[in-house]
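Some notes on the structure that comes next.
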Amino acid sequence: MYDVIVTLKKGEGRALKSGGAWVYNNEIESITGRFENGDIVTVHDFDGFFLGYGFINTKSKLTVRILSRKKGTVIDDAFLERRVQDAWDYRKQVTDTGSCRLIFGEADFLPGIVVDKFADVLVVESLALGIDKLKINILEAVKRVLAKDGVCIRGIYERSDAKVREQEGMERRKGFIGEAFDTQVEIVENGVRYLVDVEDGQKTGFFLDQKYNRAAIRKICSDKKVLDCFTHTGSFALNAGMAGASKVLGVDASELGIAQAEKNAKLNHLEDKVSFLCADVFDLLPKLEQEGEAFDVVILDPPAFTKSRNSVKNAVKGYREINLRGMKLVKDGGFLATCSCSHFMDAGLFKKTIEEAARGAHKRLRQVEFRTQAADHPILWAADASYYLKFYIFQVCEER
């Protein structure tokens with residue numbers, strides 16, 4: 001069927017055999033047959049035992065990504081539609097599908113592609129050569145599957161502009177797939193209205209993974225003074241405002257993000273109680289402490305400080321610093337919501353870093369809850385990269 005055979009070295013492929021989807025170049029003993037990068041190949045263990053079908057790219061250290069482990073599977077349009085249908089059926093059961101991550105790469109058994117649904121618009125990010133060749137077929141399958149439930153998609157925008165594409169030997173790509181449309185897309189999440197900039201916003205335009213974490217902070221924000229750091233387009237700040245906070249300040253270093261956040265505040269008639277400041281959080285927090293400022297609730301939602309194992313040590317310093325500074329600004333008995341969205345900052349390391357920050361700030365933490373990413377970003381066990389978001393809410397107490 002797929003005549004090119006990728007054979008693993010003896011003793012290699014442990015992650016793949018445990019349920020992972022990746023084969024690295026240093027695990028491969030041989031490749032037999034003629035192929036072009038992006039083609040579907042068959043993967044065998046050293047002894048010829050069948051392991052799966054996937055697409056190959058010898059330009060990438062991650063040489064094969066597995067699409068199916070079932071022998072005899074044909075990777076065609078019917079196969080792609082089944083994958084999409086499964087992804088959509090899952091989300092209908094576990095989340096609000098008005099806006100959601102509809103396809104989450106390996107966790108939906110379609111490695112290397114993300115499709116976000118913002119109301120009636122799709123945003124696609126393709127990060128692997130093999131899936132890039134199947135991208136249009138997948139998007140057509142998405143439209144067919146959604147149409148069965150009466151959901152009509154009016155436009156698709158591509159945000160395949162991440163640097164990682166260059167590691168696959170691909171150019172970055174950004175623009176409309178099909179007809180052009182207004183790229184300021186209005187969505188509603190947790191009763192909050194947002195304008196999502198799918199063209200110039202970060203990643204695909206909006207961070208859907210924090211949907212239920214944003215809702216979780218509402219119970220601690222009523223009549224409270226709230227500081228939302230790394231506010232992006234104002235999502236945590238606006239949830240605090242909707243929960244009845246007395247005063248909310250959202251901070252971000254991005255002028256574009258702050259401008260969008262201010263529009264979102266007006267959209268929800270919250271501009272009188274929710275304000276925004278364009279500033280570097282690392283500079284602002286010590287300044288606020290020096291000025292004697294204090295808050296009932298501090299929210300820390302930073303970008304990933306590390307995207308590789310090599311920079312984890314520096315990332316730990318960053319997380320420790322902002323958490324220490326954030327805790328110092330929380331009134332006795334107030335609350336800290338803090339998170340990390342880096343896969344490489346694993347749960348154990350993040351917990352240890354917060355503990356170190358608490359000791360440095362001479363604060364005691366009482367854990368209110370621990371959460372992770374929303375269910376439309378499913379965590380596939382054995383596919384470690386699918387688990388990345390760690391989110392805590394703590395009560396912060398003075399030493400007693």
Considering residues, nucleotides and ligands other than Glu36, do more than 12 of their heavy atoms fall under 6.0 Å from its CD? no

Donor-acceptor pair between Tyr319 and Thr338 side chains, under 3.5 angstrom: no

When you check the side-chain N and O atoms of Ser60 and Asn57, is any donor under 3.5 Å from an acceptor? no

Does atom NZ (Lys317) have a neighbourhood of more than 12 heavy atoms from anything else shown, all under 6.0 Å? no

Above 12 or not: heavy atoms from other molecules or residues under 6.0 Å from CZ of Arg371? yes

Criterion salt bridge (charged side-chain N to carboxylate O under 4.0 Å, His left out) against Lys363, the qualifying member of Glu356, Glu355, Glu398: Glu398

Which of Lys331, Lys224, Lys225 passes salt bridge (charged side-chain N to carboxylate O under 4.0 Å, His left out) with Asp296? Answer is Lys331

Is there a donor-acceptor contact under 3.5 Å linking the side chains of Asp197 and Gln260? no

Under the rule for salt bridge (Lys or Arg N to Asp or Glu O under 4.0 Å), what residues qualify as partners of Glu125, not counting sequence neighbours? none

What I want to check is whether the side chains of Arg218 and Asn239 have a donor and an acceptor closer together than 3.5 Å. yes

Nearest heavy-atom pair of Phe391 and Cys339: which atoms, and what distance? CD1-CB, 3.7 Å

Going by side-chain heavy atoms closer than 4.5 Å, which hydrophobic residues are tied to Leu8, directly or by a chain of links? Val4, Val6, Leu16, Val23, Ile28, Ile31, Phe35, Val41, Val43, Phe49, Leu51, Ile56, Val64, Ile66

Phe118 and Phe181: ring-ring contact (aromatic ring centres under 6.0 Å, His included), yes or no, with the steps? CA-CA 13 Å; Phe118 296 114; Phe181 56 89; over 10 Å; no

Report, as yes or no, whether the 6.0 Å neighbourhood of atom CD on Glu399 holds more than 12 heavy atoms from other residues, nucleotides or ligands. yes

Within a radius of less than 6.0 Å around NZ of Lys92, do more than 12 heavy atoms belonging to other residues, nucleotides or ligands occur? yes

Shortest non-hydrogen contact from Glu369 toward Ala216: OE2-CB, 4.0 Å

Greater than 12 external heavy atoms within 6.0 Å of Lys59's NZ: no

So which of Phe104, Phe207, Tyr387 actually passes ring pair (Phe, Tyr, Trp, His ring centres under 6.0 Å) with His377? Phe104

Check the pair Asp108, Tyr90 against side-chain hydrogen bond (donor to acceptor under 3.5 Å, both in side chains), reporting the backbone distance first and the verdict last. CA-CA 10 Å; Asp108 285 304; Tyr90 163 77; over 6 Å; no

Do Gln85 and Lys148 pair up side chain to side chain, a donor and an acceptor below 3.5 Å, judged on atom types alone? yes

Heavy-atom closest pair, residues Ile354 and Met327: O-CE, 3.7 Å

Looking only at side-chain N and O atoms, does Thr7 offer a donor or acceptor that is under 3.5 Å from a partner on Glu29? no

Which atom pair, heavy atoms only, marks the closest approach of Asn37 to Lys133? O-NZ, 3.0 Å

Cation-pi check, Lys61 to Tyr24: give yes when NZ or CZ is under 6.0 Å from the six-membered ring centre and within 45° of the ring axis, no otherwise. no

Heavy-atom side-chain contact between Asp89 and Val145 under 4.5 Å: no

